[in-house]
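Working notes for the structure below.
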Amino acid sequence: METTERTVGLAEIVAARARVGDRVHRTPMLRSSTAARFVRDAGGRPLADARLYLKAEHLQVTGSFKPRGLTNRILTLTDAERNAGVISFSAGNAGQAYAWAGRDTGVAVTVVMPEKAVRSKVAACLDYGAEVILHGADAGETFAEMERIRDERGLTFAHPFDDPEVIAGHGSVGLEILEDLPDVDVVVVGVGGGGLISGVAAALKESRPEIRVFGVEPDGSNAVSLAMAAGKVVRIQPKTVADGLGAPFAGVWTLPMCQRYLDGIVLLDDSTILAGLRFAAERMKQVLEPAGAAALAAVLFGRVPLRDGDRVCVVGSGGSVDVSRLGELIAAAAPFPSVAPAGIPGGA
């Protein structure tokens with residue numbers, strides 16, 4: 001499928017933020033001197049303020065950034081679309097966000113999820129009032145089933161990432177980063193289908209073009225980087241522990257925006273992603289899911305090209321992890337690069 005030049009600009013992002021208003025949280029900007037020390041002592045660059053900053057979207061409503069864009073999508077439905085009810089496909093975070101936004105606005109929501117979806121995410125969708133249908137061994141099979149049900153029932157398809165209203169809503173993350181950290185040099189974001197990073201990068205680059213924005217994909221779920229290399233949308237069978245980054249394709253909206261705004265995409269293996277989860281839990285006392293820890297891991301392991309004195313912000317995009325699996329996930333984490341002993345200035 002060839003792409004056309006479809007992009008969302010700063011004006012649309014500002015309008016989406018105003019429309020959503022206080023329905024979602026303004027999440028805090030966390031900071032870690034220990035993370036900055038890890039980066040420096042593992043052979044990386046010294047960071048500005050001797051801190052690494054983390055935009056805490058895992059503390060957002062429903063546990064991820066998703067309510068920002070998905071609430072905006074629900075609020076822009078026509079009366080006919082609202083009355084029909086909406087359907088989406090999701091590994092969990094988008095489903096929770098659509099379910100929550102639908103309950104908040106009186107719109108019926110159906111979510112199709114993979115059979116092996118994280119059970120805590122399934123339970124959350126149900127708790128928010130959505131109908132949940134489990135189908136498929138991977139995101140591709142889930143998407144196909146969603147299309148079948150949509151056509152059979154006449155439901156309105158609400159895309160989890162490839163939609164201008166979704167992208168515009170997610171761009172509010174970028175606006176808040178600029179407000180909290182106006183001199184930021186580098187922003188790093190996990191990438192699934194590209195909805196979050198498209199909105200964030202547009203907000204940042206159209207406000208301050210010199211900001212560098214890097215994406216992070218699992219090496220078994222790299223739909224956006226493959227699409228950027230091919231110059232068109234390509235379908236994949238994603239395989240990664242970071243289910244929130246397991247998109248089966250980039251989108252006709254997200255691909256051209258990633259091509260326009262991104263400075264690069266980094267690929268990480270699952271064990272390195274899980275090291276980010278482990279670091280967040282042990283050193284920052286924050287619970288991130290694997291997808292939410294990918295950007296942090298990329299910086300900690302020196303995979304993002306930085307310059308001396310860069311002010312760096314990573315987006316902790318989600319925290320919807322099955323707590324019963326935390327021990328298993330931490331045990332599978334890669335060892336951290338060697339670091340200097342704790343107790344040095346700026347250390348733990």
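Sequential numbering from 1 along the given sequence is applied to the chain's residues. When reading the values below, keep in mind they use all heavy atoms of this one structure, side chains included, and skip hydrogens, waters and symmetry mates.
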Does any non-hydrogen side-chain atom of R19 lie less than 4.5 Å from one of T76?
yes
Applying a strict under-4.5 Å side-chain criterion to I, L, V, M, F, W and Y, I'd like to know whether L178 and M29 cluster together.
yes
R150 and E145: CA distance, side-chain angles, deciding distance, salt bridge (Lys or Arg N to Asp or Glu O under 4.0 Å) verdict:
CA-CA 9 Å; R150 174 202 62 193; E145 178 67 4; over 6 Å; no
Report the C-alpha separation of V191 and V216 in whole Å, then their side-chain angles, then the decisive distance to 0.1 Å, and conclude whether the side-chain contact (heavy atoms from CB on, under 4.5 Å) test is met.
CA-CA 6 Å; V191 178; V216 181; 5.8 Å; no
So, are R260 and E206 salt-bridged, with charged N and O less than 4.0 Å apart?
no
Could you check whether D138 pairs with K239 (Lys NZ or Arg NE/NH1/NH2 to Asp/Glu carboxylate O, under 4.0 Å)?
no
Check this for me, if you would: do E57 and K66 make a salt bridge, where the nitrogen-to-carboxylate-oxygen distance has to be below 4.0 angstrom?
no
Same cluster or not: L155 versus V111, using hydrophobic residues (I, L, V, M, F, W, Y) connected whenever any side-chain heavy atoms lie under 4.5 Å apart?
no
So, H159 side chain and F161 main chain: donor-acceptor pair closer than 3.5 Å or not?
yes
Ignoring hydrogens and angles, tell me if any N or O in the side chain of S32 forms a donor-acceptor pair with the backbone of A35 under 3.5 Å.
yes
Below 4.0 angstrom, N of the basic side chain to O of the carboxylate: do D322 and K121 qualify?
no
Could you tell me whether K205 and D263 have a side-chain N and a carboxylate O separated by less than 4.0 Å?
yes
Is there a donor-acceptor contact under 3.5 Å from the side chain of R17 to the main chain of V173?
no
Within the side chain of E12, is there an N or O that forms a donor-acceptor pair under 3.5 Å with the backbone of P164?
no
Considering only Ile, Leu, Val, Met, Phe, Trp and Tyr, and joining two whenever side-chain heavy atoms are under 4.5 Å apart, list the other residues clustered with L274.
V241, L277, V287, V321, V323, L326, L329, I330
Tell me whether I133 shares a hydrophobic cluster with L126, the cluster being built from Ile, Leu, Val, Met, Phe, Trp, Tyr side chains joined at under 4.5 Å.
no
Quick one: does S221's side chain have a donor or acceptor within less than 3.5 Å of a partner on P238's backbone?
no
So if you build clusters from Ile, Leu, Val, Met, Phe, Trp, Tyr with side-chain heavy-atom gaps below 4.5 Å, do F65 and V8 land together?
yes
Take H58 and Q286, measure what side-chain hydrogen bond (donor to acceptor under 3.5 Å, both in side chains) needs, and give me the verdict at the end.
CA-CA 9 Å; H58 63 295; Q286 302 295 311; 2.8 Å; yes
Before accepting this row, confirm whether a basic side-chain N of the pair E176/R68 lies closer than 4.0 Å to the acidic partner's carboxylate O.
yes
Residue pair I265 / F214, side-chain heavy-atom distance below 4.5 Å
no
Sequence neighbours excluded, every pair satisfying salt bridge (Lys or Arg N to Asp or Glu O under 4.0 Å) that has a member inside residues 82-111
R23-D104
Count I, L, V, M, F, W, Y as connected when their side-chain heavy atoms are under 4.5 Å apart, and connections chain through other members. Are I167 and L255 then in the same cluster?
yes
Ring centers of Y128, Y98 separated by less than 6.0 Å
no
Evaluation steps, side-chain hydrogen bond (donor to acceptor under 3.5 Å, both in side chains), between N93 and E289
CA-CA 11 Å; N93 286 341; E289 64 183 287; 2.9 Å; yes
Can you say whether the rings of F157 and F89 are parallel (under 30°), tilted (30 to 60°) or perpendicular (over 60°)?
parallel
So, for D308 and P46, which heavy atoms are closest and what is the spacing to 0.1 Å?
OD1-CD, 3.4 Å
Geometric class of the F279/F38 ring pair [parallel <30°, tilted 30-60°, perpendicular >60°]
perpendicular
Does S198 use its side chain to pair, donor to acceptor, with the backbone of G194 at less than 3.5 Å?
yes
